[in-house]
Chemist: 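Pasting a structure here, questions to come.
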Amino acid sequence: MTAQILATLLPVFLIAGCGTLYGRLRNPDIATLNTLNMELFVPMLVFAVLADGQAPLEEYAGLALGGTVVVLGSGLVLWPLVKWLGLEVKTFLPPMMFNNSGNMGIPLLLLAFGEAALPAAVVLFIVEMLLHFTVGLWMLSPGSSLLRILRLPIVLATFAGLAVNLLGVALPGWLLEALHMLGGVCIPLLLFALGVRMLDIDFSDWKTGLLGAVLCPLSGLVLAAPLVWLLGLSGLQAAALWVFAALPPAVLNYLVAEQYRQEPHKVASLVLIGNLGSLVVMPVVLALVFAHVHAGIGG
């Protein structure tokens with residue numbers, strides 16, 4: 001089991017480490033790289049996975065519901081504690097709710113369980129992203145434009161992919177192959193970009209960051225435990241929900257906080273210290289998942 005955990009985590013941290021090293025030496029324009037990834041490669045991966053008839057989406061309805069409850073439930077569970085501690089809700093709660101399902105979640109699940117886990121990983125990523133660009137933006141700015149959200153490339157790709165899949169449209173094999181190849185670029189690029197972002201880590205508010213590094217995975221796992229049983233999830237889908245629930249805050253939280261001027265330095269501490277904390281959290285979670293996945297988690 002130790003070898004399996006290392007085989008899963010080492011490529012993740014090695015690629016991220018390469019990003020950190022390259023960022024230290026060259027100081028690349030990571031904003032442009034992230035824009036290219038989020039506007040082209042990630043939407044192509046989302047569309048390709050959803051449009052592929054080999055992944056019947058109705059089988060993932062329970063997983064999508066579970067992911068939704070984990071995201072929204074984390075905010076509800078932690079809200080009383082955040083208020084009691086006197087923390088700013090708009091600063092602290094979004095990073096606890098919206099996790100790193102793209103930069104870390106997709107690569108982790110692929111490395112842990114192979115290509116068979118890609119549909120589950122993408123479904124959870126879509127759930128997290130759609131909630132982030134709707135509920136998340138509303139939390140920071142209740143007047144956010146719905147039309148602006150609907151124009152996002154990842155949202156358009158999601159709707160297009162769903163339409164192709166549900167209508168049973170058979171796309172040519174050569175087109176799907178090209179989309180999968182281009183979409184596949186996003187996975188190592190997400191990890192590389194995460195590594196570059198680690199250079200921006202701010203330890204000035206380390207206590208808040210450390211608190212978030214504990215509460216983010218803890219709140220997700222507390223919710224995932226009953227959900228796996230209630231939704232009847234087993235095998236890869238249960239494993240995917242466990243991993244999803246334990247993921248650290250998404251880097252996107254920092255970018256959104258910066259855009260809306262919502263204490264971005266504090267959010268940076270929450271995001272980046274939280275991702276460092278995953279060095280401890282994810283091996284433990286993967287050990288538990290690997291110990292039960294062959295028997296069918298929750299089944």
Chemist: Mind checking whether Val127 and Leu72 sit in one hydrophobic cluster, side chains of I, L, V, M, F, W, Y counted as touching below 4.5 Å?
Modeler: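 Yes: a chain of side-chain contacts under 4.5 Å links Val127 to Leu72.
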Chemist: Determine whether Leu152 and Phe159 fall in the same hydrophobic cluster, where Ile, Leu, Val, Met, Phe, Trp and Tyr are linked whenever their side-chain heavy atoms lie under 4.5 Å apart.
Modeler: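 Per the 4.5 Å side-chain linkage, Leu152 and Phe159 are co-clustered.
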Chemist: Report the distance from atom CG of Leu45 to atom CD1 of Ile106, rounding to the nearest 0.5 Å.
Modeler: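 Nearest 0.5 Å value for the CG-CD1 distance: 5.5 Å.
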Chemist: Can you find a heavy atom in the side chain of Phe47 that is under 4.5 Å from one in the side chain of Leu171?
Modeler: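 Yes; the side chains approach each other to less than 4.5 Å.
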Chemist: For the pair Asn99 (side chain) and Phe244 (backbone), establish whether a donor and an acceptor sit closer than 3.5 Å, ignoring hydrogens and angles.
Modeler: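 Yes, the answer is positive, given that a donor and an acceptor are paired below the 3.5 Å cut-off.
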Chemist: What I'd like to find out is whether the side chain of Val155 reaches to under 4.5 Å of the side chain of Leu130, using heavy atoms alone.
Modeler: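 They are in side-chain contact.
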Chemist: Quick check against the 3.5 Å criterion: does Gln237 have a side-chain atom that pairs as donor or acceptor with the backbone of Gly62?
Modeler: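 Pair absent, no side-chain N/O of Gln237 close to backbone of Gly62.
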Chemist: Just how far is it from atom CD of Glu177 to atom CG of Leu175, taken to the nearest 0.5 Å?
Modeler: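 Rounded to the nearest 0.5 Å, the CD-CG separation comes out at 10.5 Å.
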Chemist: Is the closest side-chain heavy-atom distance between Leu93 and Glu88 below 4.5 Å?
Modeler: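 Counting from C-beta outward, Leu93 and Glu88 never come under 4.5 Å.
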Chemist: Supply the atom-to-atom distance Trp242 CH2 to Leu233 CG, rounded to the nearest 0.5 angstrom.
Modeler: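 Interatomic distance, Trp242 CH2 to Leu233 CG, rounded to 0.5 Å: 10.5 Å.
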Chemist: Decide yes or no for Leu247 and Glu128: does some side-chain heavy atom of the first lie under 4.5 Å from some side-chain heavy atom of the second?
Modeler: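 No, side chains not in contact.
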Chemist: Would you call Gln262 and Thr91 a side-chain contact if the rule is heavy atoms closer than 4.5 Å?
Modeler: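 A side-chain contact under 4.5 Å exists here.
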Chemist: Are Trp138 and Val82 linked, directly or through intermediate hydrophobic residues, by side-chain heavy-atom contacts shorter than 4.5 Å (ILVMFWY only)?
Modeler: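 Linked within one cluster.
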Chemist: Mind checking the CG-CG spacing from Leu85 to Leu81? Nearest 0.5 Å is all I need.
Modeler: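 Those atoms lie 4.5 Å apart.
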Chemist: Please answer: with hydrophobic residues joined when any side-chain heavy atoms are less than 4.5 Å apart, are Val89 and Val271 in the same cluster?
Modeler: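 Linked within one cluster.
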Chemist: Let me check something: do Leu279 and Met282 share a hydrophobic cluster, defined by ILVMFWY side-chain heavy atoms less than 4.5 Å apart, either directly or through other members?
Modeler: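 Per the 4.5 Å side-chain linkage, Leu279 and Met282 are co-clustered.
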Chemist: Give a yes or no on whether the backbone of Pro249 and the side-chain of Asn275 come within a donor-acceptor separation of less than 3.5 Å.
Modeler: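 Here the side-chain-to-backbone pair exists.
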Chemist: Would a 4.5 Å heavy-atom cut-off, applied to side chains only, mark Val70 and Leu221 as touching?
Modeler: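 They are not in side-chain contact.
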Chemist: Could you state the interatomic distance from CG (Leu10) to CD1 (Ile15), rounded to the nearest 0.5 Å?
Modeler: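 Interatomic distance, Leu10 CG to Ile15 CD1, rounded to 0.5 Å: 11.0 Å.
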Chemist: Go through the steps for Leu286 and Leu108 under the test side chain to side chain contact (heavy atoms under 4.5 Å, CB included), then give the verdict.
Modeler: CA-CA 10 Å; Leu286 285 174; Leu108 261 182; 4.2 Å; yes
Chemist: Using atom types as modelled and distance alone, determine if a side-chain donor or acceptor of Ser219 lies under 3.5 Å from a backbone N or O of Cys216.
Modeler: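 Judged by distance alone, yes, a pair lies under 3.5 Å.
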Chemist: Do Tyr22 and Phe192 have side chains that get closer than 4.5 Å, going by heavy atoms?
Modeler: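 They are in contact (side-chain heavy atoms under 4.5 Å apart), so the answer is yes.
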Chemist: Quick check: closest heavy atoms across Ala239 and Val289, and the distance to 0.1 Å?
Modeler: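 Between these two residues, the closest heavy atoms are CB-CG1, 3.5 Å.
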Chemist: Show the nearest heavy-atom pair for residues Ser74 and Leu223, with the distance to one decimal.
Modeler: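 Reported closest heavy-atom pair: N-CD1, 3.3 Å.
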Chemist: For a quick test of reading the model, state the closest non-hydrogen atom pair linking Leu109 to Ala121 and the distance between them.
Modeler: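 Closest approach of Leu109 to Ala121, heavy atoms only: CD1-CB, 3.6 Å.
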Chemist: Looking at Ala246 and Val285, what are the two nearest heavy atoms and their distance?
Modeler: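 Looking at all heavy atoms of both residues, the closest pair is CB-CG2, 3.6 Å.
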Chemist: Could you tell me whether a side-chain N or O of Asn253 sits under 3.5 Å from a main-chain N or O of Ala250, the two making a donor and an acceptor?
Modeler: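 Confirmed, Asn253 side chain pairs with Ala250 backbone.
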Chemist: Ignoring hydrogens, what is the shortest heavy-atom contact between Asn37 and Pro43? Give both atom names and the distance.
Modeler: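 Closest approach of Asn37 to Pro43, heavy atoms only: O-CD, 3.7 Å.
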Chemist: Test Val196 against Thr20 for side chain to side chain contact (heavy atoms under 4.5 Å, CB included), laying out the working first.
Modeler: CA-CA 4 Å; Val196 176; Thr20 302; over 6 Å; no
Chemist: How would you list all residue pairs meeting ring pair (Phe, Tyr, Trp, His ring centres under 6.0 Å) that involve residues 62-111, not counting sequence neighbours?
Modeler: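 Matches after skipping sequence neighbours: Phe98-His132.
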Chemist: Are side-chain heavy atoms of Leu218 and Val281 found at a separation under 4.5 Å?
Modeler: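 Side chain of Leu218 against side chain of Val281, heavy atoms only: no contact under 4.5 Å found.
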Chemist: Mind listing the closest non-hydrogen atom pair of Ile273 and Leu210 along with its distance?
Modeler: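 For Ile273 and Leu210, the tightest heavy-atom pair comes out as CG2-N, 3.9 Å.
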Chemist: List the steps and the verdict of side chain to side chain contact (heavy atoms under 4.5 Å, CB included) for Leu270 and Met96.
Modeler: CA-CA 9 Å; Leu270 285 166; Met96 300 300 98; 4.1 Å; yes
Chemist: Donor-acceptor pair, distance only, cut-off 3.5 Å: does the side chain of Thr158 make one with the backbone of Ile154?
Modeler: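 Yes; judged by distance alone, with no hydrogens or angles, the pair exists.
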Chemist: Nearest 0.5 angstrom please: Leu131 CG to Met139 CE, how far?
Modeler: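 The CG atom of Leu131 sits 11.0 Å away from the CE atom of Met139.
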